[in-house]
Amino acid sequence: MNADVLVTGAGPTGLTLACELARRGVAVRIIDRVPEFPTGSRGKGLSPRSQEVLDDLGVADQILASGVSHLRHRKYQGTEVIAEVDPQADQVPTPDVPYPAALMIPQWRVEQILRERLAGLGVTVERGTELNDFQQDAGGVTATVGEARIRARYLVGCDGGRSTVRKALGLPMRGETPDMQTMAVGDIHVEGLGRDAWHQWFTGDGIVMLCPLPGTDMFQIQATHELDADGAPLEPTLERFQRTFDRVAGLPGVRLHELAWRSTYRVNVRMVDRLRVDRVFLAGDAAHVHPIAGGLGMNSGIQDAYNLGWKLGLVVAGKASPALLDTYDEERLPIASWLLDITSERLAAVLDAVKEKGGGLDAVASPELTQLALRYPWSRLSRQAGRSARVQPGDRAPDAPLRDTAGAPIRLFDLFRGPRFTLLGIGEHGLPPLDGVDPAIIGSWAVGSGGLPDDGGHAANAYGADTLVLVRPDGHVGLVADPGDGRSVRDYLRSL
């Protein structure tokens, strides 16, 4: 069977993209070379912005029920607790930010929830199915998958740091691999430690961190490697983890057992210099890898997919020019560069902090890691057509409480949810006529006087008391215009 879009790699990036496309009616196939779905925790945190993305995809309830926020960091010196802190203590919900704190949730559970959502849209992951080769021409891509050949209009490589797609395109990952910055990682059962905190030891003898994984009876362990005679890291094993724990922590009565998954993490700071070659795209780790500090890997892949998905959807449906796809590279490549910088900076902050008694992983905390402030002011899709408002083109569109026509509480995010643009007419002027605009690609709402009641005035406070704002399908502001300026809205949509 052919497809409009072939997605290779069924991690969080590929699954987010497939869901985005499927809910727009795009014929999508998603393949993954592994025969069984991964069960290791790997990434274990969703940023506030990623939670908003998953809200839009309709899986917020399942995600929130499967994770925890405000997990306290408990720091030890041997057997003594020397500090305990919640690095997100000041991150509480506000009218414009409903998900202010990172959510601790194992990556396998995020993937499971997204697979279930995708199945509800009529698409299943094709497991044990490997992309061997592909060629592209002016009309599409011909991919060799196993023994079969698939013809697709577009191909997206979401296939990780060793991406087959990236290698076939000949795109190098430029950057560096710092010497000997490695960590042994695994999922393990632990006897003798409570599940109410993230337990951390940072000493001259090494590092051990044990984080309870929500929804399981396991912990993720991150620890200093044991080394061979040449100083190279040895493969993680249960016995080596226990020896490292005993040496670094020395906490009596704590036993590790049943190592269910293990891996070696090596710090890389690398990215490609383009995300698109004609009809083939890269997203997530296939395009950029970076230090683990801040837990932004899974999150940035999800947001790459979220940015690309609505654009591919419009182009495949014939409702936008293929030139719209150029804005994926234009918008996300600078974000990837920022990602490498901020995670390297945060890793350095942690390494400095652990030299001090009581210092530790909470030193990674930074407002930028919420990803709520990421914006695209440089993009050709960010346009100002009138006086300035409180939001600027390219900004993340804030949430706000409203009332529906029956007086029941709703949120702006409820209006944004789904595959369309959203036009907000805030204030007494309401909405202008949009003659000639396809109603399938835009939903329009008057907020405030004569429209949906602005509960507490929070929408006007976030956007401006009298303004017209066009919000893109990915929740970023595309256009800010004067009240009643329907022409600028029409021109914006037609320009796509």
*Can you sort out the partners of D273 under salt bridge (Lys or Arg N to Asp or Glu O under 4.0 Å), two or more places apart, ordered by chain and number?*
R174
*Trace of the side-chain hydrogen bond (donor to acceptor under 3.5 Å, both in side chains) decision for N132 with E130*: CA-CA 6 Å; N132 296 319; E130 186 168 3; over 6 Å; no
_Candidates R383, R380, R490 - the one meeting side-chain hydrogen bond (donor to acceptor under 3.5 Å, both in side chains) with S495_ = R383
*Could you tell me whether the side chain of Y328 and the main chain of G309 form a donor-acceptor pair under 3.5 Å?*
no
*OG1 of T327 to CG of L308: how many Å apart, nearest 0.5 Å?*
9.0 Å
*Kindly state each residue pair satisfying salt bridge (Lys or Arg N to Asp or Glu O under 4.0 Å) with at least one member in residues 105-124, sequence neighbours excluded.*
R42-E111
*Any residue meeting side-chain hydrogen bond (donor to acceptor under 3.5 Å, both in side chains) with W310, in chain and number order, not counting sequence neighbours*: D474
_Derivation of the side chain to side chain contact (heavy atoms under 4.5 Å, CB included) call for F134 and V145_ = CA-CA 9 Å; F134 64 87; V145 177; over 6 Å; no
*Are side-chain heavy atoms of D482 and L468 found at a separation under 4.5 Å?*
no
*In chain order, what residues pass the side chain to side chain contact (heavy atoms under 4.5 Å, CB included) check against A60, with sequence neighbours excluded?*
D55, Y99
*Return the set of residues passing side chain to side chain contact (heavy atoms under 4.5 Å, CB included) with L333 (not counting sequence neighbours), or none when no residue passes.*
M271, L275, D329
*Test salt bridge (Lys or Arg N to Asp or Glu O under 4.0 Å) applied to R279 - qualifying residues, sequence neighbours left out*: none
*CA sep, side-chain torsions, deciding dist, call: Q392, V480, side chain to side chain contact (heavy atoms under 4.5 Å, CB included)*: CA-CA 7 Å; Q392 301 298 312; V480 176; over 6 Å; no
*Where the side chain of N268 meets the backbone of V289, is there a donor-acceptor pair that is under 3.5 Å apart?*
no
*Do C211 and L71 have side chains that get closer than 4.5 Å, going by heavy atoms?*
yes
*If every non-hydrogen atom of G478 is compared with every non-hydrogen atom of P393, which pair is closest and at what distance?*
O-CB, 4.2 Å
*Can you list the residues that meet the side chain to side chain contact (heavy atoms under 4.5 Å, CB included) rule with E176, with sequence neighbours excluded?*
P178, V269
_Minimal non-hydrogen separation, W108 against P38, with atom names_ = CB-O, 3.6 Å
*To the nearest 0.5 Å, what is the distance between NZ (K311) and CG (L496)?*
10.0 Å
_M298 and L46, any side-chain heavy atoms less than 4.5 Å apart_ = yes
*Without swapping roles, check the side chain of E126 against the backbone of I31 for a donor-acceptor pair under 3.5 Å.*
no
*Distance from L155 atom CG to L282 atom CG, nearest 0.5 Å?*
8.5 Å
*Would you call D56 and R23 a salt bridge, using N to O less than 4.0 angstrom?*
yes
*Is a side-chain N or O of R403 found less than 3.5 angstrom from the main chain of D455, in a donor-acceptor match?*
no
_Nearest heavy atoms of T13 and C158, plus distance in Å_ = CG2-SG, 3.8 Å
*What closest approach, in Å, do G67 and P214 show between heavy atoms, and which atom pair accounts for it?*
CA-CB, 4.0 Å
Output side-chain donor-acceptor pairs under 3.5 Å for residues 433-444, partner residues at least two apart or in another chain, one line each.
| residue | atom | partner | partner atom | Å |
| --- | --- | --- | --- | --- |
| D438 | OD1 | A440 | N | 2.9 |
| D438 | OD2 | K319 | NZ | 2.7 |

*Should the pair R472-E331 be classified as a salt bridge under the 4.0 Å nitrogen-to-oxygen rule?*
yes
*Validation row: D414, D404 side chains within 4.5 angstrom (heavy atoms)*: no
*Which heavy-atom pair separates P398 from F413 by the least distance, and what is that distance?*
C-CE1, 3.9 Å
*Please check if atom CZ in R162 has more than 12 non-hydrogen atoms from other residues, nucleotides or ligands closer than 6.0 Å.*
no
*asked:* Counting only heavy atoms from other residues, nucleotides and ligands, does the tally under 6.0 Å from CZ of R487 exceed 12?
replied: no
*Specify the closest pair of heavy atoms between P322 and R276, including all atoms of both residues, with the distance to one decimal.*
O-NH1, 4.1 Å
*ring pair (Phe, Tyr, Trp, His ring centres under 6.0 Å) partners of H476, counting only residues at least two apart*: Y376
*Taking the side chain as every heavy atom from C-beta outward, state whether Y306 and R49 have any atom pair closer than 4.5 Å.*
yes
*State which residues pass side-chain hydrogen bond (donor to acceptor under 3.5 Å, both in side chains) with D454; sequence neighbours excluded, sorted by chain then number.*
none
*How many angstroms lie between atom CD1 of I63 and atom CD of Q51, to the nearest 0.5 angstrom?*
8.5 Å
*Side chain Q371, main chain S50, donor-acceptor under 3.5 Å*: no
*Would you find a donor on one side and an acceptor on the other, under 3.5 Å apart, between the side chain of W378 and the backbone of E330?*
yes
_Can you see whether S382 engages R375 through a side-chain donor-acceptor pair at a distance of less than 3.5 angstrom?_
no
*Residues two or more places apart in sequence or in another chain: which of them pass side chain to side chain contact (heavy atoms under 4.5 Å, CB included) with H429?*
D466, P483
_Using a 3.5 Å distance criterion without hydrogens, assess whether the side chain of D133 forms a donor-acceptor pair with backbone atoms of T144._
no
*Short question: side chain of N299, backbone of S47 - any donor-acceptor pair under 3.5 Å?*
yes
*Could you go through the side chain to side chain contact (heavy atoms under 4.5 Å, CB included) check for F281 and D304 one step at a time?*
CA-CA 11 Å; F281 300 82; D304 282 349; over 6 Å; no
_Heavy-atom side-chain proximity of V28 to E20 below 4.5 angstrom_ = no
*Atom OG1 in T264, atom CE in M183: separation rounded to 0.5 Å?*
11.0 Å
*Determine whether I150 and R29 make a side-chain contact, defined as any pair of heavy atoms from C-beta on separated by less than 4.5 Å.*
yes
Let me have the donor-acceptor pairs involving side chains of residues 164-173, under 3.5 Å, with sequence neighbours excluded, atom names and distances please.
| residue | atom | partner | partner atom | Å |
| --- | --- | --- | --- | --- |
| R166 | NH1 | G161 | O | 3.1 |
| R166 | NH1 | A286 | O | 3.0 |
| R166 | NH2 | G161 | O | 2.8 |

*Do L339 and Q303 come within less than 4.5 Å of each other through their side chains, counting heavy atoms only?*
no
*Gap separating the CG atom of L324 from the CG atom of L381, nearest 0.5 angstrom*: 6.0 Å
*Mark yes or no for whether H70, through its side chain, and Q91, through its backbone, hold a donor-acceptor pair below 3.5 Å.*
yes
*I would like to know whether M209 and Q220 meet side chain to side chain contact (heavy atoms under 4.5 Å, CB included); could you show each step before the answer?*
CA-CA 8 Å; M209 296 180 284; Q220 185 190 76; over 6 Å; no
